[in-house]
Structure formats: structure tokens, C-alpha cells
**Q** 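A single structure is presented below for examination.
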Amino acid sequence: MSDPTREEDAAGSSSSSSSSVVDITLVSVIMAFLCRSAAVLLKPCSRAPAALSALSASRLYSSGGQFEYILVEKRGDKNNVGFIQLNRPKALNALCDGLMTEVGRALDSFEADADVGAIVITGSDRAFAAGADIKEMQNRTFQECYGGNFLAHWNRVSTVRKPVIAAVNGFALGGGCELAMMCDIIYAGEKAQFGQPEILLGTIPGAGGTQRLTRAVGKSLAMEMVLTGDKINAQEAKQSGLVSKVYPVDQLVSEAVKCGEKIAANSKLVSAMAKEAVNAAFELTLAEGNRLEKRLFHSTFATDDRKEGMTAFVEKRKADFQDK
């Protein structure tokens, strides 16, 4: 006959053992779950590059923290067009020294980027750039301007080897007009206005306005604009040769990017040669210019891209340029 007390103790002991096993099992499950979760979190994400590419590199050059006055990114189906947007909306994109310094930095980045074949500079629908920042210049002295070579670094836009396209909507006045003229191609929105109104402020253009405008539109119109401060509209700018094409406001930027994509599809090396040759026409005599052009033309025969381009033409296929 069994002892009821011992049976109860045995039952209690058995129950306690079962409970302990359950507790240990539960703890083991929880710990395993936590370990797996930690492993997932700590594991390098192999899908990160795909996620970045899905963004179409639209903000690989994002202004977040890097730039204060401009927005910078890459555009085009192949992300091969550098894009700089002036971003001082309250000041109608007035060109302060800080903004132009940032533009120079962005241009340097695109110049060094082997994937970028052309660059677009634009502003807003209301203003490409309404001029230089007058408040910043108001109290400058002659000694400061001359001693510090004021505005010299603005010329960086004109020395970039890659083609630069200005997409001008709204006002392009004073320094804004000069900035557009530093670019290689100017596209204008239908409501764009160009002018050099410095005379109304008791000064004259100081970033190429008297020189580039005269070369673009001729002496008479340039003299009239500089001496009166009068503006010309987009159609007048096209007729005078200042801009190459005029588009509706909402199509301007996309058309400029398309132009950039066409340029970027060619050999970047040969594009730089072509740009150098065209720019030389404004600096050299006809005989000297033709001589330079011939030397640059001969130089293309030392490139793989010239051979590829001509071979592709003969074989009736699209050229695959390698920028060599």
C-alpha cells in the first residue's frame, strides 16, 4: 500500500520538473529568436546598391548639408547629365559670393565624374538669376575689389571642359545674364528676359557682360542694352543669336537635359576638343583658328573613339565610345 504523503511529494516533484523543462525551453526559444534577429540586423545589406540604383542617382550629389544655395544631382536615363539648380528663391537667385563658390565646387565634382558628359545649370520658373547680390556689394571699396580680384572665381563656369547648358526661365539680369553667357548653350523658356541693367546702379557689367554679349548679339544691340539697361525677351534673344532654342516654361528643363544626354552619348574626350575649337573662334584670328582646328582634328586620329566612330559608321551600327 502506497504512502499518500510520498505520492503527493512525487507528484509535486514531477510537476516541478515539468515546469522547469518548460521554462528552460521557453528561454531557449526566446534567446534563439533574439540571436537570429541580431544576426539579420548586423548582416551587411547586399541589396543596398540595388536600392540606391532605384533612386536613379537623383540625389547622389544631394545638397543635404553640402550646399546651402544650390541643389545638385545627376539626371538622364543613364545619370550622365550633371544638374545644378540655383536655390535662393526669396532673393530671386541673386548671385552671392557663397552661391558662386558652391557652383564652382559642384562643377569640379562633375568635371571629375567620368560618368558625366554634360552639365545643365538652371534656376526657378520665376528667375534664372535676377542679378548679383547688390546688398553684398553695396559697401565694397575699390581696394577690396581690386586687391581681392572680386568676381574672378565666377569665371569657373566658362573654363569647365565638359559642355554646359543654361536653362533660363524668368529673369536673367546682370550677373544672371553673364552666368548664362558663360555656358556653352543657352535654352530659354518663353517668358525669359535677358538684360545688363548695371548702368542703372551706377556701375557696369563686371563678369563678362560687355564682352560676351557683344560677341553674341553684335555691337549695336549690346551697346543699347548696356547703356540703357533695357531687357530683351526670349524671342528677341533667339533672333539676336543669344539663345539657340525657346521652349514652353514647363518643358525647358527636360529639353535641356535631353540635349545634355545627346552630348553625353558622344565621346567625352572628343567633345572637349570640339568645345575648345569653337571657343577658340572668339579668341583667335581666322587663320589661327583654322590652324588650331586642324591640329585638334588630327589629334582625334590618335583616339580609340575616332576609330570606333568611323568603324561603326561603315558597319552601319551605333558607336560604343569608351572616352579613350
**Q** Assess whether a salt bridge exists between Glu308 and Arg317, defined as any Lys/Arg side-chain N lying under 4.0 Å from an Asp/Glu carboxylate O.
**A** yes
**Q** Evaluate the side chain to side chain contact (heavy atoms under 4.5 Å, CB included) criterion for residues Thr101 and Tyr69: first the C-alpha distance (whole Å), next the side-chain angles of each, then the deciding distance (0.1 Å), finally the verdict.
**A** CA-CA 10 Å; Thr101 297; Tyr69 301 112; over 6 Å; no
**Q** Within a strict 4.5 Å, meaning less than it, do heavy atoms of the Glu111 and Lys162 side chains meet?
**A** yes
**Q** Does Val160 offer a backbone N or O that forms a donor-acceptor pair with the side chain of Lys275 under 3.5 Å?
**A** yes
**Q** Hey, is NZ on Lys191 packed in by over 12 heavy atoms from elsewhere, all under 6.0 Å?
**A** no
**Q** Tell me, do Asp115 and Lys74 make a side-chain contact under 4.5 Å, heavy atoms counted?
**A** yes
**Q** Once rounded to the nearest 0.5 Å, what's the spacing between atom CD1 of Ile185 and atom OG of Ser244?
**A** 6.0 Å
**Q** Less than 3.5 Å apart, any donor N or O on the side chain of Glu288 or Asn290 sitting next to an acceptor on the other?
**A** no
**Q** Is the closest side-chain heavy-atom distance between Ile204 and Gln196 below 4.5 Å?
**A** no
**Q** Cationic tip of Arg75 within the cone over Phe83's six-membered ring, i.e. under 6.0 Å and within 45° of the normal?
**A** yes
**Q** Please report the interatomic distance NZ(Lys245) to CD(Glu255), rounded to the nearest 0.5 Å.
**A** 8.0 Å
**Q** Determine yes or no for a side-chain-to-main-chain donor-acceptor pair under 3.5 angstrom, with Gln193 supplying the side chain and Leu173 the backbone.
**A** no
**Q** Please confirm whether the ring centroid of Phe150 lies under 6.0 Å from the ring centroid of Tyr146.
**A** no
**Q** Are the aromatic rings of Tyr247 and Tyr187 close, with centres under 6.0 Å apart?
**A** yes
**Q** Got Phe67 and Arg105 here, is their nearest side-chain heavy-atom distance under 4.5 Å?
**A** yes
**Q** Do Thr303 and Arg306 have side-chain atoms, one donor and one acceptor, less than 3.5 Å apart?
**A** no
**Q** Could you grab the distance from atom CE of Met100 to atom CG of Asp133, nearest 0.5 Å is fine?
**A** 12.5 Å
**Q** What is the distance from atom CE of Met225 to atom CD1 of Ile232, rounded to the nearest 0.5 Å?
**A** 4.0 Å
**Q** Supply the atom-to-atom distance Ser267 OG to Asp305 CG, rounded to the nearest 0.5 angstrom.
**A** 3.5 Å
**Q** Quick check: do Glu198 and Glu178 have side-chain heavy atoms less than 4.5 Å from each other?
**A** yes
**Q** With rounding to the nearest 0.5 angstrom, report the CD1 to CG distance, Ile263 to Asp184.
**A** 8.0 Å
**Q** Taking all heavy atoms of Val157 and all of Cys183, pick out the closest pair and write down the distance.
**A** CG1-SG, 4.1 Å
**Q** Report yes if the side chains of Arg212 and Ser158 come closer than 4.5 Å at any heavy-atom pair, otherwise no.
**A** yes
**Q** In the structure I gave you, are the side-chain heavy atoms of Trp154 and Leu95 within less than 4.5 Å of one another anywhere?
**A** yes
**Q** So, are Lys258 and Glu261 salt-bridged, with charged N and O less than 4.0 Å apart?
**A** no
**Q** Below 4.5 Å, heavy atoms only, C-beta onward: do Leu86 and Thr122 meet side chain to side chain?
**A** no
**Q** Check the surroundings of atom CZ in Arg126: do more than 12 heavy atoms from other residues, nucleotides or ligands lie under 6.0 Å from it?
**A** no
